[in-house]
Amino acid sequence: RRQLPVLLLWVNGLMTLGFAGARQQTELCNESLMLEKLPACGKSFEEMMKKVDSKKWCNLTEFIMYYDNFTQCTEREANNASCFWPNPLAEGFITGIHKQFFSNCTSEKVHWEDPPDEILITLILIPVMLTCAMITLVVWCSKRSDIL
């Protein structure tokens, strides 16, 4: 019975140290160092993107590995500066890179069209007919309860 309070104090101490460590990390974020290092990630991404035809910049499959390297680089530099990732400053930098390379990539809106009348009528009539059949079956069964 005496071991339980000691164990609880030990667990509480570990949790306090853990939370204090997390609190210290947010206080020690060196934003200026991070902002100094992030352009190297952008420069590297820019060099890699030169290998891709600019007409294919909107096709993610053409440069996904380069973008992954860029993302990992920004995360690494943020962590090296003791900053969380993503953070507003890193996101601002990444947004700038997106504007530089992907500003002409617009999402094409899908033009929705109604199906042909034959298909539309069929899609409407099937549930209506099934509903009528189920109602008829329920009414018929409820009137024939003596047999069931």
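When reading the values below, keep in mind they use all heavy atoms of this one structure, side chains included, and skip hydrogens, waters and symmetry mates.
- Side-chain atoms of Glu46 and Gln100, non-hydrogen and from C-beta on, do get closer than 4.5 Å to each other.
- Applying the side chain to side chain contact (heavy atoms under 4.5 Å, CB included) test between Thr122 and each of Leu120, Ile124, Ile126 identifies Ile126 as the sole match.
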Trp57/Glu62 under side chain to side chain contact (heavy atoms under 4.5 Å, CB included): CA gap, chis, key distance, verdict: CA-CA 7 Å; Trp57 282 0; Glu62 295 290 329; over 6 Å; no
One pair to check against side-chain hydrogen bond (donor to acceptor under 3.5 Å, both in side chains): Gln72 and Asp68. What are the steps and the verdict? CA-CA 6 Å; Gln72 288 180 14; Asp68 182 53; 3.0 Å; yes
Let me see the working for Lys56 and Phe63 under side chain to side chain contact (heavy atoms under 4.5 Å, CB included), right down to the final yes or no. CA-CA 9 Å; Lys56 297 181 179 182; Phe63 60 88; over 6 Å; no
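- Two rings, from His98 and Phe93, have their centers 6.0 Å or more apart.
- The two residues Ala78 and Phe84 make their nearest non-hydrogen contact at CB-O, 4.1 Å.
- No single ILVMFWY cluster, assembled from side-chain heavy atoms under 4.5 Å apart, contains both Met129 and Ile135.
- A distance of 10.5 Å separates CD of Glu75 from CG of Asn80, quoted to the nearest 0.5 Å.
- Between Leu123 and Pro127, the shortest heavy-atom distance links the atoms O-CD, 3.1 Å.
- No side-chain heavy atom of Phe70 sits less than 4.5 Å from a side-chain heavy atom of Cys73.
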Run the side chain to side chain contact (heavy atoms under 4.5 Å, CB included) check on Arg76 and Asn79 step by step: do they pass? CA-CA 5 Å; Arg76 183 176 53 251; Asn79 289 334; 5.9 Å; no
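- For the residue pair Thr71 and Asn69, no side-chain donor N or O sits within less than 3.5 Å of a side-chain acceptor on the partner.
- Interatomic distance, Leu89 CG to Thr74 OG1, rounded to the nearest 0.5 Å: 12.5 Å.
- Summarising the geometry, atom SG belonging to Cys105 is positioned 9.5 Å from atom CG belonging to Asn59; distances are rounded to the nearest 0.5 Å.
- Here Lys37 contributes atom NZ and Asn30 contributes atom CG; the two are 10.5 Å apart, rounded to the nearest 0.5 Å.
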Go through Met48 and Tyr67 one step at a time and tell me if the side chain to side chain contact (heavy atoms under 4.5 Å, CB included) criterion holds. CA-CA 9 Å; Met48 290 185 278; Tyr67 192 81; over 6 Å; no
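- Distance check, rounded to the nearest 0.5 Å: NZ of Lys43 to CD1 of Ile97 gives 10.5 Å.
- Follow the hydrophobic side-chain contacts under 4.5 Å out from Met65 and you reach Phe101 in the same cluster.
- Between Met34 atom CE and Ser82 atom OG the span is 11.0 Å, to the nearest 0.5 Å.
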